[in-house]
Structure formats: structure tokens, C-alpha cells
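Throughout, protein chains are lettered first and strands after them, A, B, ... in sequence-line order, and every chain is numbered starting at 1. Computed from a predicted structure; not experimentally measured.
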Amino acid sequence: MRGRSRIQELPMSRANWLVKSEEEVYSIRHLERDGITSWEGVRNFEARNLMRDEMKVGDEVLFYHSNAKPAGVAGLARISREGYPDSFAFDAESPYFDPKSDPTQPRWFMVDLQFVEAFPEVVSLERIKSHPGLTGMVLLRRSRLSVQPVSEREFTIIRELGRGS
DNA sequence: GCCAACGTTGGC
DNA sequence: GCCAACGTTGGC
């Protein structure tokens, strides 16, 4: 090894994410009540890949209310368990049942989310659209992706807006 | 409730 | 492997 440097393991930097939920189905208040919840029912391959492969314990998550007035980021959560098979897909009684998924070869995955905080005021989609620092958000370009990456800068801006500072 | 956007399915 | 049809998401 003399004369060669080994590549060092860099400390893992924390990633940031955004997840969407219909407000009347499961809101930030539901998460506050539950403390931790499993994030089942995501049936999109790109979102599945993020949950299965990329989301790590401790990563911070913007909790977005869709079908809401106004739609927007309502609070913060944290990943408390990394990707594991979405067992709701195996349950014929579940609305999330998918006959193409089975326990030996699960098609869908979920993570667990832990409540962090509810913002005093929702950071509305309108406000996000009009903020110069947020124009690059995946949220604004991929309207139907319900689990998506957020940059550190975007995350910080929205957290500050949400906290009312 | 409408409808545009867009991911997925399935015929060829 | 293309692409039209279909179904769903999600803002308004």
C-alpha cells in the first residue's frame, strides 16, 4: 500500500426527501398522533426504488399535503426504519393489494416515518412556486411523483418558511 | 367535479 | 420495442 492512498469512507451525509399524502387520508396530525407510521401503498417504481434503496434512518422528510386547501408542506418527519417489503400488497383485503407481489419476491417496499414537527402554517404550493430558491424542486417538475428527493438548500428554505421565520 | 399530466399496460 | 389506450394523481 505504500505510495497509494486508499479511498476513505466518507461520513454519510444525511439526505432529504418529500413525501405526499392526501390530507384527509393521512395528515401530519395523524402522524403526530401515531408517532411512527409505515408508509405503505406507494405503487410507483421510481418512488419504490427510493424507499427500497436510498432512504436511510435519520434522513429528514418534508410532509406534503395533496388534495388540500392549500396544498403544501405541513411539517417534518424522519425516516425511522429503512426499506422493507410492503406487506399490504400481499393482503387481498387491502386496497393496496397487488397480486403481482408476493413475500418471496416483493414488488413493493415501504419505510417507517417518525413525526418531527407540524408547521404553524402550511408552506403552500403557491409559495413554493414563487420562491426563487425553490424553482428547481422536483415537486414542481414531476407532479405525480409521491416520494422524491429534496436538496439540502430546498429543505432548509422550506423548514424556515414553515417555522415562520 | 373537471381535466391536464403522466406512469403503466398491453396489443401488435 | 413502440405507442395508443387507460387509469390515477393532484391542482384548481
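When hydrophobic side chains of Ile, Leu, Val, Met, Phe, Trp and Tyr are connected at separations under 4.5 Å, A:Val138 ends up clustered with A:Leu145. As a member of the Ile/Leu/Val/Met/Phe/Trp/Tyr network built from side-chain separations under 4.5 Å, A:Trp108 groups with A:Phe45.
Nearest-nucleotide assignment on DNA chain B puts the 5′-proximal partner with A:Asn67, out of A:Lys100 and A:Asn67.
Counting only residues at least two apart or in different chains, ring-ring contact (aromatic ring centres under 6.0 Å, His included) contacts with residues 115-140 of chain A are absent.
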List the atom pairs, donor and acceptor, that lie under 3.5 Å between side-chain atoms in residues 31-39 of chain A and the rest of the protein, sequence neighbours left out.
residue : atom : partner : partner atom : Å
A:Glu32 : OE1  : A:Arg29 : NH1          : 2.6
A:Asp34 : OD2  : A:Tyr26 : OH           : 2.6
A:Ser38 : OG   : A:Glu40 : OE1          : 2.8

N/O donor-acceptor pairs under 3.5 Å from side chains in residues 78-85 of chain A, not counting sequence neighbours:
residue : atom : partner  : partner atom : Å
A:Glu82 : OE2  : A:Val57  : N            : 2.9
A:Tyr84 : OH   : A:Asp112 : OD1          : 2.5

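Boundaries of the chain A contact region on DNA chain C are C:dG7 to C:dC12, first to last in 5' to 3' order (nucleotide atom under 4.0 Å from a heavy atom).
Qualifying side-chain hydrogen bond (donor to acceptor under 3.5 Å, both in side chains) partners for A:Asp102, counting only residues two or more places apart in sequence or in other chains: A:Thr104. Looking at residues two or more places apart in sequence or on another chain, you find a salt bridge (charged side-chain N to carboxylate O under 4.0 Å, His left out) between A:Glu46 and A:Arg142.
Residue A:Lys69 is out of contact with every strand shown, counting any heavy-atom pair closer than 4.0 Å.
Nearest heavy-atom pair, A:Asp86 versus A:Phe88, reported as atom, atom and distance to 0.1 Å: OD1-N, 2.9 Å.
Residues of residues 39-53 of chain A that place a heavy atom closer than 4.0 Å to DNA chain B, in numerical order, are A:Asn44, A:Phe45.
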